[in-house]
Amino acid sequence: MEKVLIQNLKNFENQEVSISGWLTNKRSGKGLEFLIIRDGSGFTQCIVDETKVNEKVFQLAKELSQESSLKLKGKVVKDERQIGGYEIQVQSLEIIHISNSFPITNKPHGVEFLMDNRHLWLRSKRQWAIMRIRNRIIFAIHNFFQNEGFVQMDAPVFTGNAVEGTTTLFETTFYEEKAYLTQSGQLYGEAMAMAMGRIYTFGPTFRAEKSKTRRHLSEFWMIEPEMAFFNNDMNMDLIENFIKYILKDVKEHCTQEFEVIERDTTSFDKIVNERFPRLTYDYAVKILTGKEKVDGKTTIETLEGDYNEVMHEIEDKLKQVQEAENEMKQSIKAGKKNFLQNKVDTLKNEIKDLEDKKRVIPEWINSAKTFEYGSDLGGSDETVLTRMFDLPLMVYNWPHEVKAFYMKRDEKDPRLAKGVDVLAPEGYGEIVGGGERETNEDLLIEKINEHQLPMKAFEWYLDLRRYGSVPHAGFGLGLERMVAWVCKLKHIRETIPFPRMYGRLFP
RNA sequence: UCUCGCUUAGCUCAGUUGGUUAGAGCAUCUGACUGUUAAUCAGAGGGUCCAAGGUUCAAGUCCUUGAGCGAGAGCCA
């Protein structure tokens, strides 16, 4: 008898197989036990029929609790109604371990409880799907760069110098010296690009920002390609192709996972096929502040429309709650009552979310209206801008003051730096930041002084401009932000197995 | 760091203008039910109402301070 993975059951129709896994849920009837088993590769229903197995096997099936581990043998039968399209008619069963009162039940839980139990939460279906999508995105990233002739490199995690100022560094000690955990591998990537031509880093980065928002982690994974003989236009072309490649690949290979998390991926088609809008910072600011329209509407008008829509939705949902609660007051069966109670609970949660939105939209409108030319785009400004398009936006040619010291100044307009930010649609904001690097040693030195960075720590970096300096460019992609957008998650904490964020070091 | 909100059973939540013995669903345990899709039905056990202080004849409910969590802002990928 063959030992198989659940994902391969379709190849064993009407055959006897053996599977090993965990019980994720159970329903029982007289003489029947319906076991939902997961083995990491997928989920399937296994039926234990009292009339078809010996008494001992049926007794074992009755003893199984949620998350108990087991081995079973049975026949694979096609059944369209079941998850995966197949079920197993059990012949024999062996318990490996009985799990005692698994804390995460098949009912809603709060964020804090789930995060405290992250090590167990990862077993749930939704987390399973997200982790597999994350895996596929990682695989696609490597494929893309390897196909384009890039060499993967590992940048150091301990660093002696800060890349973007010292406020957000985790400080540690390296023997007797003060050291920091890296916040970007880029400078090392530049050195490697001068050796290999095209490289990409794929590693962890650390930022000690005390921010508790839906798009921040203290430890996150960043992909940073760096290309010799590239200008910023070539850089933007590469970014665009890169994002398109990932979306296409993940859509093709993760259909089942997207179904589990109920992510509609039809919006990817447009993104894969159309050119991303490229806006200069100047033009983006005009749109943001309402001086330019997109599809005949200003940002302010669009947001006011959103606000009214939210108000209507809240009213509508309140009405539905009232109706359900009235119905519950009449004497009805407990099953129906239970159903209505669940409906009311989900509606109330949705209303809570909508009320948050209602509170925030006026703040966004205000932020857009009062935006000052020359400053960096804030989180709310990004959301407002991306709200106007259903494609990723590329904003380039930034005021040089708001960008990092290594960014190349525009020869035609010295007020500008040749940086580019990519803003993901659906409110996900900045997922990529990059640009062309400054090649002129004198300008770099000037910038390092301006940013009050220790020159000594950058001597090696300046060497790159002394020995065969060439135009080069690169960018950084935040893996978790990409996963959050692809999966359309509310919060970045679900995109990584064990998130490290302000206030969260365990488990 | 700032603004707003939350903290009641293992979990998710009700708890009215302060008023007798704090409730429901799920989970757990016992039983019923021949195909269930978060199965259903009957029953049982399960509480330091976040902490400290205050107001009051009386506080889960009101006030003050603190802690933790959540949603934003700032900063960023």
Side-chain angles (χ1 to χ4, degrees), chain A residues 24-36 43 45 47 49-51 65-66 79 81-83 87 89 100-117 125 164-165 167-168 183-184 186 205 207-218 220-224 325 328 333-342 344-346 348-349 352-353 355-357 359-364 366-367 375-383 402 404 421-424 428-434 475-482 484-485 490-493 502-504:
Chain A
T24 186
N25 198 12
K26 183 168 81 166
R27 292 177 279 270
S28 31
K30 166 128 182 155
L32 281 171
E33 294 287 328
F34 302 91
L35 313 175
I36 315 299
F43 295 77
Q45 173 165 282
I47 291 125
D49 187 332
E50 198 174 17
T51 61
S65 53
Q66 193 192 355
D79 187 339
R81 292 170 302 175
Q82 305 309 337
I83 23 164
E87 62 180 20
Q89 287 174 349
N100 198 358
S101 247
F102 192 69
I104 301 174
T105 61
N106 224 336
K107 291 278 167 181
H109 294 286
V111 184
E112 197 185 356
F113 177 78
L114 288 170
M115 285 303 298
D116 285 343
N117 289 285
K125 210 169 176 183
E164 337 224 0
T167 48
T168 63
Q183 48 176 189
S184 162
Q186 189 210 304
T205 42
R207 302 210 179 158
E209 284 152 7
K210 286 188 181 173
S211 41
K212 284 184 127 177
T213 80
R214 60 179 60 195
R215 53 179 187 280
H216 281 90
L217 288 170
S218 304
F220 63 99
W221 289 71
M222 196 148 67
I223 294 92
E224 294 179 283
E325 278 176 344
M328 271 159 64
K333 281 187 180 165
K336 176 86 174 167
K337 203 168 173 177
N338 195 359
F339 170 80
L340 286 170
Q341 186 61 54
N342 286 333
V344 168
D345 287 350
T346 44
K348 279 188 177 170
N349 272 327
K352 230 184 232 170
D353 283 354
E355 269 172 354
D356 277 343
K357 220 169 165 189
R359 227 189 47 239
V360 163
I361 291 177
E363 288 172 23
W364 289 349
N366 191 43
S367 168
S375 49
D376 205 351
L377 297 178
S380 49
D381 306 318
E382 286 177 1
T383 313
V402 303
D421 279 3
V422 180
L423 311 180
Y428 284 89
E430 189 176 352
I431 51 167
V432 167
F475 63 92
L477 169 82
L479 176 64
E480 286 75 18
R481 285 195 183 171
M482 185 75 191
W485 168 43
K490 273 196 197 154
H491 201 292
I492 200 162
R493 66 185 150 226
Y502 187 54
R504 173 64 62 181

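Any value given below was found using the heavy atoms of this structure, including those in side chains, with hydrogens, waters and symmetry copies removed. Quick caveat, the model's predicted, so the values are computed rather than measured. Proteins come first, then strands; the chains are lettered A, B, ... in the order of their sequence lines, and each starts at number 1.
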Task: Minimum heavy-atom distance between A:Asp421 and A:Gly433, given as atom pair plus value - done: OD1-CA, 3.7 Å
Task: Pairwise distance CD(A:Glu480) to CZ(A:Arg493) - rounded to 0.5 angstrom - done: 14.5 Å
Task: 5' precedence on RNA chain B between A:Phe102 and A:Gln89 (nearest-nucleotide basis) - done: A:Phe102
Task: Distance between P atoms of B:rG45 and B:rU64 (Å, rounded) - done: 40 Å
TODO: Find the distance A:Arg207:CZ to B:rG74:P and express it as a whole number of Å.
DONE: 17 Å
Task: Watson-Crick or G-U wobble partner of B:rA73, both distances under 3.5 Å - done: B:rU1
Open item on the list: Please report the distance, rounded to the nearest Å, between CZ in A:Phe43 and C1' in B:rU37.
Closed with: 15 Å
TODO: Look at the side chain of A:Phe34 and decide which nucleotide, out of B:rA77, B:rG74, B:rG35, has an atom nearest to it.
DONE: B:rG35
- [ ] Round to a whole Å and report the spacing from CD1 of A:Ile104 to P of B:rA38.
- [x] 19 Å
Open item on the list: In whole Å, I'd like the distance from the CG atom of A:Leu423 to the C1' atom of B:rC76.
Closed with: 13 Å
Task: Whole-Å gap separating P (B:rC26) and CG (A:Leu114) - done: 19 Å
Task: Criterion side-chain hydrogen bond (donor to acceptor under 3.5 Å, both in side chains) on A:Gln66 and A:Thr105, from CA distance to verdict - done: CA-CA 8 Å; A:Gln66 193 192 355; A:Thr105 61; over 6 Å; no
Open item on the list: Using a heavy-atom cut-off of 4.0 Å across all strands, would you classify A:Leu477 as base, sugar-phosphate, or nothing?
Closed with: nothing
Open item on the list: Which nucleotide wins on minimum distance to the side chain of A:Val111, given the candidates B:rA73, B:rG35, B:rG70?
Closed with: B:rG70
Open item on the list: Please report the distance separating the P of B:rA58 from the corresponding atom of B:rG18, rounded so that it comes out in whole Å.
Closed with: 15 Å
TODO: Using a 4.5 Å cut-off on heavy atoms from C-beta on, say whether the side chain of A:Arg27 contacts that of A:Ile36.
DONE: yes
Task: Which nucleotide in B:rA77, B:rA73, B:rU36 has an atom nearest any side-chain atom of A:Trp364 - done: B:rA73
Open item on the list: Measure CZ/A:Arg215 against C1'/B:rC75 and give the value in whole Å, please.
Closed with: 10 Å
Open item on the list: At 4.0 Å (heavy atoms only), tell me whether A:Gln45 reaches a base, stays on the sugar-phosphate, or touches nothing.
Closed with: base
Task: Side chains of A:Asn25 and A:Phe34 in contact at under 4.5 Å (non-hydrogen atoms) - done: no
TODO: For A:Asp421, report the nucleic acid contact type (base, sugar-phosphate, nothing); a contact means any heavy atom under 4.0 Å.
DONE: nothing
Task: Residue closer to the 5' end of RNA chain B, A:Thr105 versus A:Glu382 (nearest nucleotide) - done: A:Thr105
Open item on the list: Between B:rA77 and A:Phe220, is there a base-stacking contact, meaning the centre of the base's six-membered ring lies under 5.5 Å from the residue's ring centre while the planes stay under 30° apart?
Closed with: yes
Task: Separation between the P atoms of B:rA24 and B:rG43, rounded to whole Å - done: 11 Å
Open item on the list: Could you check whether any side-chain N or O of A:Arg207 sits under 3.5 Å from a backbone N or O of A:Gln183, counting only pairs where one atom can act as donor and the other as acceptor?
Closed with: yes
Open item on the list: Taking the P atom in each of B:rG5 and B:rC11, what is the distance between them to the nearest angstrom?
Closed with: 25 Å
Open item on the list: Under 4.0 Å, heavy atoms only, any strand: does A:Asp116 hit a base, just the sugar-phosphate, or nothing?
Closed with: nothing
Task: Presence of donor-acceptor pair under 3.5 Å, side chain of A:Arg481 and base of B:rC76 - done: yes
Open item on the list: Let's see if you can work this out: which of B:rC76, B:rC26, B:rG68 has an atom nearest to the side-chain heavy atoms of A:Glu112?
Closed with: B:rG68
Open item on the list: Say we look at B:rG23 and B:rG15: how far apart would their C1' atoms be, to the nearest angstrom?
Closed with: 7 Å
- [ ] Can you tell me the pairing partner of B:rA39 across any strand shown, Watson-Crick or G-U wobble, with both distances under 3.5 angstrom?
- [x] none
Task: Distance test, side-chain N/O of A:Arg27 to OP1/OP2 of B:rA39, below 4.0 Å - done: yes
Open item on the list: Under 4.0 Å, counting only non-hydrogen atoms across every strand here, what does A:Trp221 touch: a base, just sugar-phosphate, or nothing?
Closed with: nothing
Task: Of the listed nucleotides B:rC75, B:rG35, B:rG70, the one nearest the side chain of A:Ile47 - done: B:rG35
Task: Check: A:Glu50 side chain, B:rU34 base, donor-acceptor under 3.5 Å - done: no
- [ ] Please measure how far the C1' atom in B:rA59 lies from the corresponding atom in B:rG53, and state the result in whole Å.
- [x] 14 Å
Task: Distance in angstrom units between A:Gln66 CD and B:rC26 C1', rounded - done: 11 Å
TODO: Classify the nucleic acid contact of A:Arg504 as base, sugar-phosphate or nothing, counting any heavy atom under 4.0 Å across all strands shown.
DONE: nothing
Open item on the list: Students often get this wrong, so: under 4.0 angstrom with heavy atoms, is A:Glu87 touching a base, only sugar-phosphate, or nothing?
Closed with: base
Task: Heavy-atom pair of closest approach, residues A:Ile431 and A:Arg481 - done: CG2-CB, 3.8 Å
TODO: State the pairing partner of B:rC26; accept Watson-Crick or G-U wobble contacts with both distances under 3.5 Å, and report none otherwise.
DONE: B:rG10
Open item on the list: What's A:Thr205 touching, base or sugar-phosphate or nothing? Going by heavy atoms closer than 4.0 Å.
Closed with: nothing
Task: Residue pair A:Leu35 / A:Glu87, side-chain heavy-atom distance below 4.5 Å - done: no
- [ ] With heavy atoms under 4.0 Å as the rule, sort A:Asn25 into base, sugar-phosphate or nothing.
- [x] sugar-phosphate
Task: Value in whole Å for how far the P atom of B:rU36 lies from CG of A:Asp79 - done: 11 Å
Open item on the list: By the 4.0 Å heavy-atom rule, please label A:Gly503 as base, sugar-phosphate, or nothing.
Closed with: sugar-phosphate
- [ ] Let me see the working for A:Leu477 and A:Met482 under side-chain contact (heavy atoms from CB on, under 4.5 Å), right down to the final yes or no.
- [x] CA-CA 8 Å; A:Leu477 169 82; A:Met482 185 75 191; 4.0 Å; yes
TODO: Determine the Euclidean distance between corresponding P atoms of B:rA39 and B:rA27; express it in Å to zero decimal places.
DONE: 8 Å
Task: Pair partner, B:rC62 [Watson-Crick or wobble, under 3.5 Å] - done: B:rG54
Open item on the list: So for A:His109 and B:rC11, does any side-chain atom that can act as donor or acceptor lie under 3.5 Å from a complementary atom in the base?
Closed with: no
Task: Whole-Å C1' distance, B:rC29 and B:rU20 - done: 32 Å
- [ ] For the side chain of A:Ser380, starting at C-beta, report the closest nucleotide among B:rA38, B:rA73, B:rA27.
- [x] B:rA73
